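Keep in mind that this is a model prediction, so the values were computed, not measured. Atoms within each ligand, like the ligands themselves, are counted from 1 in listed order.
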Amino acid sequence: MGGGRKRRRDGSEAPSIHPRNRYAAAAPDFAALAELYPSFRPFVSVSERGRASVDFTDFSATRELTRVLLLHDHGVNWWIPDGQLCPTVPNRSNYIHWIEDLLSSNLIPPISSSSGRVRGFDIGTGANCIYPLLGASLLGWSFVGSDVTDVALEWAKKNVENNPHLTELIEIRNANAVSLSSESEAIVREPIGENVLEPAEDVAMQKPPVLVGVVKESESFDFCMCNPPFFESIEEAGLNRKTSCGGTAEEMVCPGGELAFVTHIIEDSVSLKNSFRWFTSMVGRKANLKLLMSKARKAGASVVKTTEFVQGQTARWGLAWSFIAPRNKVLRSSTPAKNHYSFMLQGLRREHSAFQVLKSTEAFFLASKLSCKIDTLSFSVDVTLSDEQTEAAILHGDDYAGSLEESSAKLQSVVKGVSFRITVFEQIPGTLLIKGSLLNKALSGTFSSLFSELEDTLRMECLSKTL
Ligand SMILES: C[S@@+](CC[C@H](N)C(=O)[O-])C[C@H]1O[C@@H](n2cnc3c(N)ncnc32)[C@H](O)[C@@H]1O
């Protein structure tokens, strides 16, 4: 997922605009847009060399640019009142295309949808309603967009109604209109994991509903997405003076910041695991991303993926998780099972020594609730699935594509004990080779998907690379 990448000064790969983004080949042509849209003209200045530019520290200029890009390139009529959060169209499109990648990847099987149309849930759609408008106009997806403030709900509805070709596709829902005392709300408020940020979880408990109680019982969605209120205070929100994208306290701030908000989504996702194929959220801090990945795993997610979005001056990540068992990757009669996998980590800094990576590998399997034994002499980690985990992988997972009888017969023949071994080799300083060997052949599907997740996790921790 992602296109060709540039290297940062520290050797890690910088994220790049999604290859299917409308602006991947060429950035918006301000001069041409100013010719076509007189209302945009006052916001465009042309340098002596003839280069047209827009002052991104001017809210009115940013808003007018968004308006003309949505109109010119997407056929969408759009407006927001002064001060509301103003989205940048190319940046927001990257999140939509990443979800498109997740949906089309073979990682997990599709859910059956009655209409055949992709259906998404945008948590906190804002007055700008940007994700439903982009998803519906670019890809024909349908959406429920939720919010809690009067201004967001009023303007999101206006933005939908002003586009009659999209009104059938987008429903705006007031998350506060659901009863907080509903039974479903009580079901979800069981914190996940032990001791990972209890204060944030406590704060999340007092917040308005996010998914549970807002999603109706009979509903199912291909994905949810969210650009959460990132900050704990409006002072923290006001730190980026290089752009003026507006944003009121209600939009940008929530008690506990993004960590509490996304924790709330993860907690809700446990109760709604069968109602969504993918749960996703944007995350603004790398330290939070790591914590949230671990929370999703502790909550029982079977797949956790991340990406880094190109987002101007500020870094932003995408986090996705699912409870659906990963698809069968091997063990079809025509596909021989693969017993060895490997990948390289290059351009590592000193703190990412072979020992540290070995410890991170151990932490990854422990977070996935697997038992493992680290050997610091041979630089290896042996991973063992319990009998129950092995049974679940074979009978309910996708490690075997045969009938129930065949699966049971296979179960009898499974050799119990160490399932696979991960070894870390230092090739040259700054380059590590990670090898995985399957010792219990019955678990090749589980092994291949866990190894691919380990690769994603180590790359994210060590290299800041899109996964
Ligand atoms: C950072 S803004 C994102 C707006 C828009 N999606 C965007 O990307 O520009 C966060 C939004 O979440 C909304 N919000 C806060 N708590 C919420 C909740 N419990 N349920 C739904 N929306 C919520 C806020 O009102 C705000 O509009």
Find all atoms of ligand 1 within a distance of less than 4.0 Å from any non-hydrogen atom belonging to [X], and give their numbers and elements.
X: T149; result: 25 (O)
X: A175; result: 20 (N)
X: V210; result: 19 (N)
X: Y131; result: 8 (O)

query = Does F230 approach ligand 1 within less than 4.0 angstrom via side chain, backbone, both or neither, non-hydrogen atoms only?
reply = neither
remark   = With heavy atoms and a 4.0 Å threshold, my read on which part of D147 contacts ligand 1 is both
Should [X] be listed as contacting ligand 1, given a heavy-atom distance under 4.0 Å as the test?
X: R92; value: yes
X: P228; value: yes
X: P208; value: yes

[X] side chain vs [Y] backbone, donor-acceptor pair below 3.5 Å:
X: D222; Y: G120; result: no
X: N77; Y: N162; result: yes
X: D268; Y: L211; result: yes

request  = Take R92 and T66 through the test side chain to side chain donor-acceptor pair (under 3.5 Å) and record every step on the way to the result.
outcome  = CA-CA 11 Å; R92 294 295 204 282; T66 297; over 6 Å; no
message = Using a 6.0 Å cut-off, check whether atom CG of D29 has over 12 heavy atoms from anything other than its own residue.
response = yes
ask   = In this structure, are over 12 heavy atoms from other groups packed under 6.0 Å from R285 atom CZ?
value = no
message = Check whether F364 forms a cation-pi arrangement with R297 (NZ or CZ under 6.0 Å from the six-membered ring centre, at most 45° off the ring normal).
response = no
ask   = For the residue pair H72 and Y37, does the interplanar ring angle fall in the parallel (under 30°), tilted (30 to 60°) or perpendicular (over 60°) class?
value = perpendicular
Any N/O of [X] closer than 3.5 Å to an N/O of ligand 1?
X: N128; answer: yes
X: P209; answer: yes
X: N227; answer: yes

key: Side chains of Y23 and D73, donor plus acceptor under 3.5 Å   = yes
Nearest heavy atom to [atom]: which of [options] does it belong to?
atom: atom 14 (N) of ligand 1; options: D150, I80, V148; result: V148
atom: atom 5 (C) of ligand 1; options: L85, V151, D122, T125; result: T125
atom: atom 22 (N) of ligand 1; options: A127, G284, G124, C226; result: G124

query = When the ring centroid of F309 is compared with that of Y95, is the distance short of 6.0 Å?
reply = yes
